[in-house]
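Report on one structure; see the data block that follows.
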Amino acid sequence: MKQYMRQILKLALGFLVMSSALTFVLFSIGKLRVNTEHSELLDRSYSNALRARTLFLITPTVNRYGQLAHITRLANTLRQVENLHWIVIEDGNATNPNVEAQLNRSKTKYTYLFAETNRTTLLKGRGVEQRNLAIDYIRSLKPKDGLVYFADDDNSFDLELFDVLRRTKYCGVIPVGLLAQLPFEDIDVVDDKVVGFFTIFGFDRKYQIDMAGFVVHVSAFYKDPVPKFYRTVMGGRLESDFLAQVVNDPSELEPIARDYDRVLAWHTKSENREAWTVDRIKSLYPDKWKRARKLIV
Ligand code: UDP
Ligand code: MN
């Protein structure tokens, strides 16, 4: 009997040693993971709750050099994002079937509308009518929660951006990369409060932030008057004028990406040029191009 007891004791001791060793190994791996990545993103329940918040992305687009390439690149990013509603607005009097085909292939939830830019004024703000139509569309859906982000068709985005945007309570702000010769714009924060902006132009703007640098809760669009973009606003001031309708002071802005030491959104630019038509190329190089197809590009 005594021998039997000793055997059990031995087994229990062995089990204890083995399981504490295993716990130690797992704990070390866990610590390593937490140290090398954002612990918040590893916390599955936290990110699941975060990702339950709908993200509305507003993208004006226009038939110009590289449009399909830009839409395709953006679609390839957005197809990896959960709980996203992509609102694309074509600048014109109709939608573009080639753009629509690409939106369809992306398998993302999207709405494709059109609105024509008013070109009768000297004020050349881009995407004004398109973003305003998207705002009206979101209002018509009457969402209680959700965030609205303005993603121009030629910008580039890190996948982690879409988790970061969802941290926003009312109006979040983030740094933006590549604004002409400026490598990035950033938010000046003291004691967790926004006190200013790091940029090199438009110092007279109250909110010195690019279109890709802020995100707004849907509740802002139930205000009266509804925050909108105005063609009457001078160039480069669309964002500041818009944010002034959303918040009362820069200190109300939430710097949501302070734990990131890298940019998550880039203001990459489309090339300002015109592609030749295939007919023109055929007339210039008739022998070489006589059997050439007209590919969608
Ligand atoms: N855009 C538009 N109509 C235009 C020019 C631009 O709808 O006539 C769209 C464009 O597709 C982009 C946004 O408005 O999503 C901003 O335009 P752009 O990228 O040319 O501006 P920038 O890069 O200079 O800020
Ligand atoms: Mn652009």
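Sequential numbering from 1 along the given sequence is applied to the chain's residues. Predicted, not measured: the structure shown is a model, and the values here were computed from it. One-based numbering, in listed order, for ligands and for the atoms of each.
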Should the proximity of [X] to ligand 1, defined as any heavy atom under 4.0 Å, be assigned to the side chain, the backbone, both, or neither?
{"X": "H70", "value": "neither"}
{"X": "V62", "value": "both"}
{"X": "H267", "value": "side chain"}

Discussion item. Could you check, using the six-membered ring where one of them is a Trp, whether F214 and Y207 have ring centers closer than 6.0 angstrom?
Written reply: no
Practice prompt. Assess whether salt bridge (charged side-chain N to carboxylate O under 4.0 Å, His left out) is satisfied between E82 and R166, documenting all intermediate values.
Written response: CA-CA 11 Å; E82 286 172 72; R166 287 187 241 240; over 6 Å; no
Discussion item. Check this for me - ligand 1, R126, N or O atoms closer than 3.5 angstrom, yes or no?
Written reply: yes
Discussion item. Determine whether a donor-acceptor pair (N or O, by modelled atom type, separation under 3.5 Å) exists between the side chain of T268 and the backbone of D154.
Written reply: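 Yes.
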Worksheet entry | Side-chain (E254) to main-chain (K169) donor-acceptor, under 3.5 angstrom |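 Indeed, once roles are kept as given, a pair shorter than 3.5 Å links the two residues.
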Worksheet item: Is D154 close enough that one of its N/O/S atoms sits under 2.8 Å from the Mn ion (ligand 2)?
Response: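 It does: D154 brings an N, O or S atom closer than 2.8 Å to the Mn ion (ligand 2).
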Check residues 290-297 and write down every donor-acceptor pair under 3.5 Å in which the side-chain atom is one partner and the other belongs to a residue at least two apart or another chain.
from, atom 1, to, atom 2, distance (Å)
K290, NZ, D287, O, 3.4
K294, NZ, D279, OD1, 3.2
K294, NZ, D279, OD2, 3.4

Among all the protein's non-hydrogen atoms, which is closest to [atom], and how far away is it?
{"atom": "atom 4 (C) of ligand 1", "result": "D91 OD2, 3.4 Å"}
{"atom": "atom 16 (C) of ligand 1", "result": "D152 OD2, 3.3 Å"}
{"atom": "atom 12 (C) of ligand 1", "result": "D153 OD1, 3.5 Å"}
{"atom": "atom 9 (C) of ligand 1", "result": "P60 CB, 3.9 Å"}
{"atom": "atom 20 (O) of ligand 1", "result": "R64 NH1, 2.7 Å"}
{"atom": "atom 22 (P) of ligand 1", "result": "K269 NZ, 3.4 Å"}

Discussion item. Checking R64 against Q67 for the side-chain hydrogen bond (donor to acceptor under 3.5 Å, both in side chains) test, could you report, in this order, the C-alpha distance in whole Å, the side-chain angles of both residues, the deciding distance, and whether it holds?
Written reply: CA-CA 6 Å; R64 60 177 171 182; Q67 181 189 30; over 6 Å; no
With a 4.0 Å cut-off on heavy atoms, is [X] in contact with ligand 1?
{"X": "R119", "answer": "yes"}
{"X": "Q67", "answer": "no"}
{"X": "T59", "answer": "no"}

Discussion item. In the structure I gave you, are the side-chain heavy atoms of L74 and W86 within less than 4.5 Å of one another anywhere?
Written reply: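 A side-chain contact exists here, since the closest heavy-atom pair is under 4.5 Å.
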Atoms in ligand 1 with a heavy atom of [X] nearer than 4.0 Å:
{"X": "D154", "result": "19 (O), 23 (O)"}
{"X": "G127", "result": "14 (O)"}
{"X": "T61", "result": "7 (O), 11 (O)"}

Practice prompt. Please step through side-chain hydrogen bond (donor to acceptor under 3.5 Å, both in side chains) for the pair D241 and Q245, ending with a clear verdict.
Written response: CA-CA 7 Å; D241 181 75; Q245 301 166 62; 3.2 Å; yes
Fill in: F56 and H85 aromatic ring geometry - parallel, tilted or perpendicular at 30°/60° bounds
tilted
Discussion item. Checking R119 against D91 for the salt bridge (charged side-chain N to carboxylate O under 4.0 Å, His left out) test, could you report, in this order, the C-alpha distance in whole Å, the side-chain angles of both residues, the deciding distance, and whether it holds?
Written reply: CA-CA 11 Å; R119 297 187 204 277; D91 181 354; 2.9 Å; yes
Discussion item. Can you see whether H70 engages N155 through a side-chain donor-acceptor pair at a distance of less than 3.5 angstrom?
Written reply: no
